[in-house]
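Take a look at the structure below.
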Amino acid sequence: MTSRSLKVSRMLTPTIYFDNSSWNALAEGDKSKIRTGLLSSNVVTCYSIENLLEMLSTTNQEKLANLETVMNELDCRFLTRENGEAFGKTYKASYFELNAQQRWERFKEAKLMSPIGTFGLTDLLQKMVGGIPSKSNEDIMTEALENMKKMLDDAVNDLDDDNDNDNDNDKMLIQTLKENLLQKAKKASTALIEQLENSEKLELPELDHVHIANFTGPGVVERIFKEAENPKYTGVIDLIDGFCGHIPKSREEGRKCNATYDMIVNLAQLLFLLRYKREAKNTRDGERARVDFQGSMTDFYHIANSSVCSIFHTYDKAQAHIAAAVFDHFDIKTLVTLNHHNDETPATLYKPRSLSGMPSN
């Protein structure tokens with residue numbers, strides 16, 4: 001499909017959002033010919049802070065240089081939410097042209113604002129879906145405390161840099177507060193470890209992944225919700241209600257609702273946890289498995305970011321299927337396309353009646 005075949009309002013400019021698998025393909029020479037297939041002179045390429053955090057964190061300087069070259073060559077816009085405001089079917093977006101230096105500044109700002117690690121939450125979640133079996137609960141919480149200490153140390157150092165004239169009493173007070181926070185965190189961590197060790201093996205309830213993998217096309221989410229009502233599943237309904245109780249269960253009602261950014265993220269997360277198209281790599285062991293799992297967590301935000309664009313393109317099969325299911329349930333006006341690495345023509349997994357886009361000047 002080319003940009004010329006997209007049905008976009010005359011008041012909108014066609015846009016495309018790439019996840020990092022697509023950006024990597026472009027940086028590696030674009031073997032699937034994304035640029036000659038999906039892109040043309042009148043399609044604007046959008047990217048988000050999630051893209052920058054993934055792309056600019058690479059230590060591969062050749063890859064980084066290629067990414068910079070591609071981004072400078074394309075008509076790119078940095079996509080942000082306006083004050084987190086829900087708008088229409090998703091959110092009100094702002095589009096900015098940034099040069100390479102400005103992209104680096106946004107990246108550094110985001111790195112400074114982001115917490116160091118996830119304080120064990122992501123690792124605990126990965127264990128609950130069967131991943132990283134060799135990592136103990138104690139290992140996870142020890143690392144979480146180290147991350148918290150580093151974050152507090154950085155915060156204290158920043159305060160010292162900003163307040164060189166502070167007296168010794170103020171500095172002692174700040175140091176005492178930091179130590180008190182760490183002691184409370186250590187106490188809570190110890191209590192949590194004891195609770196986890198005294199409990200039965202913690203596992204999130206999930207559906208029969210082989211069966212639900214056959215759910216494709218319109219109505220996937222509704223079929224999954226109905227499947228969860230089967231009495232052979234224990235705890236799945238509670239997980240759905242606790243995670244997405246605010247989301248309509250029927251496709252008809254879902255397509256009428258004013259789906260927000262957070263609703264899109266939540267539903268994508270839920271499908272992943274229920275094991276819809278979830279990849280085996282997320283249940284493996286080792287540091288590579290942890291990195292892959294964190295990437296899967298970021299995928300949900302790529303899906304939501306793309307919901308104001310004309311096209312969402314990825315090489316990630318699981319992510320594409322989840323995006324297609326979510327967009328169909330909420331009637332999101334974003335085409336979902338998937339490339340396998342040896343395919344020159346992307347497959348269309350979801351095609352809406354009309355497409356979103358960037359307001360034309």
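Values below: every heavy atom of this structure, side chains too, minus hydrogens, waters and symmetry copies.
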Would you call D328 and V220 a side-chain contact if the rule is heavy atoms closer than 4.5 Å?
no
Using side chain to side chain contact (heavy atoms under 4.5 Å, CB included), reason through T337 and L349 one step at a time and then give a plain yes or no.
CA-CA 6 Å; T337 58; L349 270 63; over 6 Å; no
Taking all atoms of both residues into account, what is the closest heavy-atom pair of Y47 and W23, and its distance?
CB-CZ2, 4.1 Å
Search all heavy atoms of C257 against all heavy atoms of M263 and return the closest pair with its distance.
SG-CE, 3.9 Å
Would you say that more than 12 heavy atoms from the other residues, nucleotides or ligands in this model lie under 6.0 Å from the NZ of K249, or not?
yes
Is there a chain of hydrophobic side chains (I, L, V, M, F, W, Y, each step under 4.5 Å between heavy atoms) that links L270 to I237?
no
State whether the side chain of E73 and the backbone N or O of V70 hold a donor-acceptor pair below 3.5 Å, judged by distance alone.
no
Side chains of E54 and H302: donor-acceptor distance under 3.5 Å anywhere?
yes
Check S21 against D316 and note the closest heavy-atom contact, atom names and distance.
OG-N, 3.8 Å
Short side-chain donor-acceptor distance under 3.5 Å, Y17 and S48:
yes
Let me confirm one number: the CZ-CG distance from F107 to N51, rounded to the nearest 0.5 Å.
12.5 Å
Report the C-alpha distance between R77 and T45 in whole Å, list the side-chain angles of each, state the deciding distance to 0.1 Å, and finish with yes or no for side chain to side chain contact (heavy atoms under 4.5 Å, CB included).
CA-CA 6 Å; R77 297 289 189 282; T45 306; over 6 Å; no
I16 versus V44: any side-chain heavy-atom pair under 4.5 Å?
no
With a 3.5 Å distance limit and no angle check, can you tell me whether T334 reaches the backbone of C309 through a side-chain donor-acceptor pair?
yes
Atom pair CD1/CD1 of I264 and I247 - distance to nearest 0.5 Å:
9.5 Å
Rounded to the nearest 0.5 Å, what's the gap from CZ on F312 to OG on S22? Could you check?
7.5 Å
If only atom types and distance count, is the side chain of S310 paired as donor or acceptor with the main-chain N or O of S356 below 3.5 Å?
yes
Can a side-chain donor-acceptor contact be found between E50 and N305 if the only test is distance below 3.5 angstrom?
yes
Check: K277 and I212 side chains under 4.5 Å, non-hydrogen atoms:
no
Flag the pair E68 / R103 as yes when at least one side-chain heavy-atom distance between them is below 4.5 Å, and no otherwise.
yes
Determine whether the side chains of E227 and Y233 contain a donor N or O and an acceptor N or O closer than 3.5 Å.
yes
Using only heavy-atom distances, determine whether the side chains of T260 and D262 contain a donor-acceptor pair under 3.5 Å.
no
Quick one: does any side-chain atom of N66 pair with a main-chain N or O of E28 as donor and acceptor, under 3.5 Å?
no
Checking D19 against T314: is there a side-chain donor and acceptor pair closer than 3.5 Å?
yes
Taking K226 first and then E229, would you say they form a salt bridge - that is, a charged N and a carboxylate O separated by under 4.0 Å?
no
Steps toward side chain to side chain contact (heavy atoms under 4.5 Å, CB included) verdict (H313, V336):
CA-CA 6 Å; H313 184 272; V336 178; over 6 Å; no
I311 side chain near T15 side chain, heavy-atom distance below 4.5 Å
no
Could you walk me through whether R251 and E222 pass the salt bridge (charged side-chain N to carboxylate O under 4.0 Å, His left out) check?
CA-CA 6 Å; R251 180 173 182 263; E222 183 174 18; over 6 Å; no
Looking only at heavy atoms, the pair that brings S250 and H329 closest together is O-CE1, 3.4 Å
Could you tell me which non-hydrogen atom of L271 sits nearest to which non-hydrogen atom of I224, and how far apart they are?
CD2-CD1, 3.7 Å
Counting only heavy atoms from other residues, nucleotides and ligands, does the tally under 6.0 Å from CZ of F225 exceed 12?
yes
Mind checking the NZ-CG spacing from K351 to L335? Nearest 0.5 Å is all I need.
7.5 Å
Determine whether Q319 and F272 make a side-chain contact, defined as any pair of heavy atoms from C-beta on separated by less than 4.5 Å.
no
Report the distance from atom CD1 of I49 to atom CZ of R81, rounding to the nearest 0.5 Å.
12.5 Å
Locate the shortest heavy-atom distance separating D208 from K232; write the atom from each residue and the value.
OD2-NZ, 4.4 Å
Strictly below 4.0 Å, N to O, side chains only: are K256 and E252 in salt-bridge contact?
yes
Are any of the side-chain heavy atoms of V326 and I332 separated by less than 4.5 Å?
no
Please confirm whether R255 makes a cation-pi placement over F330, using NZ or CZ under 6.0 Å from the six-membered ring centre and within 45° of the ring normal.
no
Taking it one step at a time, do L67 and M55 satisfy side chain to side chain contact (heavy atoms under 4.5 Å, CB included)?
CA-CA 8 Å; L67 283 168; M55 290 191 295; 3.9 Å; yes
Student check: side-chain heavy atoms of F327 and I303 closer than 4.5 Å:
yes
Rounded to the nearest 0.5 Å, what separates atom CD1 in I322 from atom OH in Y276?
8.0 Å
